[in-house]
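A, B, ... follow the sequence lines: proteins, then strands. Residue 1 opens every chain. Here the structure is a predicted model, which is why all the values come from computation and not from measurement.
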Protein chains: 2
Amino acid sequence: MSCQCGHDGWTGEKTVSKPKNGTVAAPVLRHHTVTSADVAREAGVARSTVSRCLSGDSRISEATRDRVVATAERLGYQINKIARSMNTRKSDLIGLVTSGLSDPFRVEFLDHLIAAIQQAGFRPLVIDVSDPALMETSMLNLLQYQIAGIVVTSGSPPPAIGQHFLRRDVPVVLVNRAGLLEGADVINCDNIAGGQLAAEILLASGKRRLGFLNMRGGTYSGNARGEAFVAAIAPELASGAVSFTPLSCNSADYDGGFQAGLKFLGKENAPDAIFCGKDHIALGLMDAARFELGLKVPDDLAIVGFDDIVAAGQRAYRLTTIAQSPARLAALTIGRLKQRIAGEVIRDERLILPVELVRRETV
Amino acid sequence: MSCQCGHDGWTGEKTVSKPKNGTVAAPVLRHHTVTSADVAREAGVARSTVSRCLSGDSRISEATRDRVVATAERLGYQINKIARSMNTRKSDLIGLVTSGLSDPFRVEFLDHLIAAIQQAGFRPLVIDVSDPALMETSMLNLLQYQIAGIVVTSGSPPPAIGQHFLRRDVPVVLVNRAGLLEGADVINCDNIAGGQLAAEILLASGKRRLGFLNMRGGTYSGNARGEAFVAAIAPELASGAVSFTPLSCNSADYDGGFQAGLKFLGKENAPDAIFCGKDHIALGLMDAARFELGLKVPDDLAIVGFDDIVAAGQRAYRLTTIAQSPARLAALTIGRLKQRIAGEVIRDERLILPVELVRRETV
DNA sequence: CGCACAAGCGCACACGTGTGCATTGGAATC
DNA sequence: GATTCCAATGCACACGTGTGCGCTTGTGCG
């Protein structure tokens with residue numbers, strides 16, 4: 001429609017193309033993408049030979065291969081991966097299910113993941129599921145692209161959805177999610193150990209009024225961390241050596257932590273040691289405490305975060321936190337996908353990555 | 001190879017499928033994706049009718065459409081967009097050229113852009129060009145996916161590359177880049193006005209030793225901001241009322257700014273008012289000044305940033321800065337792409353988005 | 001010189017969809 | 001009741017690539 005001259009003119013030219021002798025016909029430039037047929041004609045071979053040359057088939061002589069490759073280069077040939085996928089019924093796209101880029105740790109993880117995906121010869125196709133109601137639809141829609149695999153970094157996919165991916169041999173990896181999805185690999189950092197480490201360092205600091213701050217309603221990871229924390233302080237709690245208060249904020253970000261600080265701190269018997277479900281919350285809490293309420297950190301209030309995002313190490317915060325490694329998370333994710341895409345049959349696994357206490361200046 | 005039972009079994013079943021009478025044959029589940037042919041057979045119509053139903057062709061009766069849609073739903077049919085693209089020679093993918101996710105402003109912009117792309121019915125296909133040498137190859141590789149458009153948010157594409165996209169009617173938008181690409185739309189924030197605003201507020205603050213800090217070698221945006229800054233202070237500079245020092249750091253991020261602070265500040269005659277090419281640098285500079293050198297901000301050192309990233313507004317920084325709107329940038333980008341993809345012929349344009357001074361506490 | 005064998009190459013089909021055009025069925029008009 | 005017309009639907013081709021199978025060409029040996 002937008003191209004009056006394109007295809008018709010060209011096929012016409014093709015079927016009528018008698019003038020094989022004489023000067024080589026000037027390449028028809030008009031709107032037409034160079035296909036393997038063009039390369040074949042130009043190099044004087046069959047189209048199938050072009051395909052085999054470019055895919056490194058061993059049955060092709062080196063001379064022919066060189067000639068074809070050179071011709072392809074000269075014509076600016078770009079293989080049509082859509083057509084290839086049509087044939088092979090698989091693309092080299094990997095679906096990335098996320099929800100926005102406002103969570104700093106997730107961004108760091110995606111940064112590594114995108115690099116790793118590309119490094120492995122695939123391409124990331126991002127879908128945003130900020131609206132949880134659209135999760136199922138969005139994930140299924142990814143199947144429309146014949147994706148090679150899918151990584152879920154946000155949201156809780158409906159468990160039954162896994163079958164659709166299993167049936168099509170599309171591997172699924174859930175990262176830092178609950179492992180409810182049938183047939184999916186699940187990779188988590190060690191939330192349990194993280195909660196314990198946080199408990200240990202806060203108990204050792206001598207604080208007595210402990211708290212755990214996380215988003216209202218919680219998330220899988222956050223809840224796991226909080227439960228481990230509570231379990232770890234259970235003896236001291238039972239003996240009355242310390243008290244514990246669960247705290248919640250309205251959003252899992254800086255502002256959520258900041259508002260929670262204004263709300264819960266500065267009162268009589270307010271907690272003097274708070275473990276936050278994630279660093280971003282901790283930073284907001286810390287700023288509210290220091291700048292709005294005049295509390296000294298860590299003297300009046302000790303804070304432990306989780307994730308070790310870049311900002312946590314900045315001089316303005318120096319947050320003590322539990323570090324998980326986005327690089328290792330990404331490497332493991334893509335490694336797992338590659339195995340399954342290559343056809344290896346491995347059983348679903350629940351992988352746990354170690355975490356590490358990073359001592360800075362907030363405890 | 002990984003599917004012994006799949007295709008062969010199914011086509012066999014198809015060619016032999018006599019049993020049209022009697023009970024409806026149980027759907028063959030094995031490894032086989034549901035195609036429009038399956039829906040057609042199940043609904044008792046032709047495949048072309050299925051296609052027309054799902055694409056909203058008006059020539060289809062409502063009764064037929066409802067039946068087909070219901071059947072498709074029941075079978076879990078997902079259209080194969082690869083096959084559709086094969087036919088239409090266009091996909092609904094939009095290439096996003098970026099380099100990592102470590103630049104906070106770019107992340108904010110991408111966040112809005114990805115949402116806008118999805119909202120407009122497209123899908124973002126991300127490529128990372130952290131290695132500038134691979135820029136041309138990577139951009140051309142995007143053509144293999146028959147993308148509908150491309151947005152460049154990082155790097156400097158070789159000018160000649162534009163022709164490849166033009167020839168295939170693939171619109172290109174450059175965001176906050178030099179406008180060197182033939183046939184591309186270019187969208188920039190108003191770097192000139194930004195530089196001027198920074199100059200005005202710093203001059204008005206009474207500081208006398210001005211500086212501009214940016215990454216060594218500079219970037220298109222950074223240089224434009226710096227030049228506008230210098231031009232705006234030219235009169236005072238000429239009259240000797242103020243001095244000016246260009247400063248550079250090794251990386252365009254927090255650490256670059258931090259290291260630059262250690263290097264340039266705290267000395268005799270060090271600048272007492274610095275305009276930074278971007279907020280992220282400014283935050284590092286600010287922390288070095290406050291926490292390492294004991295300078296008071298803004299008393300000993302005034303700082304103006306650029307971008308107004310989220311962190312700049314946090315209580316620990318309260319950075320005075322020049323704000324550009326990632327949301328408007330994204331909206332404009334996708335709007336421009338949509339027009340061109342829809343076939344509208346509009347002339348290349350160089351769009352400038354307004355910036356705004358955000359007064360906080362560092363001047 | 002004739003034959004066997006192997007390597008290199010081309011033919012033709014398949015992948016799943018959109019769409020121009022022919023065909024069918026029914027309704028309306030004379 | 002016959003004819004015309006329109007709406008609804010089916011047929012068949014095209015999109016660009018991968019690949020099994022058969023054909024051609026060249027080489028070595030008897």
Nucleotide [N], atom [atom2] - distance to [atom1] of [X] in whole Å:
| X | N | atom1 | atom2 | answer |
| --- | --- | --- | --- | --- |
| A/Asp38 | D/dG16 | CG | P | 9 Å |
| A/Asn80 | C/dT17 | CG | P | 17 Å |
| A/Gln146 | C/dG16 | CD | P | 8 Å |
| A/Arg65 | C/dG8 | CZ | P | 10 Å |
| B/Arg89 | D/dT17 | CZ | P | 12 Å |
| B/Arg84 | D/dG16 | CZ | P | 18 Å |
| A/Asp66 | C/dG8 | CG | P | 13 Å |
| B/Ile82 | C/dA14 | CD1 | P | 21 Å |

Do [Y] and [X] meet the salt-bridge criterion of a basic N to acidic O distance under 4.0 Å?
| X | Y | result |
| --- | --- | --- |
| A/Glu42 | A/Arg74 | yes |
| A/Glu344 | A/Lys338 | no |
| A/Asp169 | A/Lys90 | no |

Assess, by modelled atom type and distance only, whether the side chains of [X] and [Y] contain a donor and an acceptor separated by less than 3.5 Å.
| X | Y | answer |
| --- | --- | --- |
| A/Ser85 | A/Ser91 | no |
| B/Thr35 | B/Arg47 | no |
| A/Ser61 | A/Thr64 | yes |

(request) Give the nucleotide from the list D/dT9, C/dG16, D/dT17 with an atom nearest to the side chain of B/Thr64. (result)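 My answer, after comparing the listed nucleotides, is D/dT9.
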(message) Among C/dG16, C/dG10, D/dT9, which nucleotide has an atom closest to any side-chain atom of A/Ala46?
(response)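 In terms of side-chain proximity for A/Ala46, the closest of C/dG16, C/dG10, D/dT9 is C/dG10.
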(message) Is A/Ser36 close enough to D/dT17 that one of its side-chain N or O atoms is under 4.0 Å from OP1 or OP2 there?
(response)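 Yes, within the criterion.
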(request) Return no unless some side-chain N or O of A/Tyr77 is found under 4.0 Å from OP1 or OP2 of D/dT17. (result)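 Yes, A/Tyr77 has a side-chain N/O under 4.0 Å of OP1/OP2 on D/dT17.
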(message) For DNA chain D, please output the secondary structure as dot-bracket, reading 5' to 3'. Pairs are Watson-Crick or G-U wobble, both atom distances under 3.5 Å; mark crossing pairs with [ ], other-strand partners with |, unpaired with a dot.
(response) ||||||||||||||||||||||||||||||
(request) Check each of B/Ile147, B/Ile341, B/Ile94 against B/Val170 using the side-chain contact (heavy atoms from CB on, under 4.5 Å) test, and report the only one that passes. (result)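 Among the candidates, only B/Ile147 passes.
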(request) Identify the residue among A/Val173, A/Ile150, A/Val172 that makes a side-chain contact (heavy atoms from CB on, under 4.5 Å) with A/Leu337. (result)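 Single pass found, and it is A/Val173.
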(message) Considering every strand and a 4.0 Å limit on heavy-atom distances, what is the contact class for B/Ile79: base, sugar-phosphate, or nothing?
(response)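 Sugar-phosphate, backbone atoms only, no base.
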Distance-only check: which donor-acceptor pairs under 3.5 Å involve side-chain atoms of residues 116-126 of chain A, not counting sequence neighbours?
unit_1	atom_1	unit_2	atom_2	d
A/Gln118	OE1	B/Asp128	N	2.9
A/Gln118	NE2	B/Asp128	O	2.8

(request) Between B/Met86 and B/Arg67, name the one whose nearest nucleotide on DNA chain D is closer to the 5' end. (result)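 Residue closer to the 5' terminus by nearest nucleotide: B/Arg67.
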(request) Using a 4.0 Å heavy-atom cut-off, write out nucleotides 19-24 of chain C from 5' to 3' as B (base contacted by protein), S (sugar-phosphate only) or - (no contact). (result) BBB---
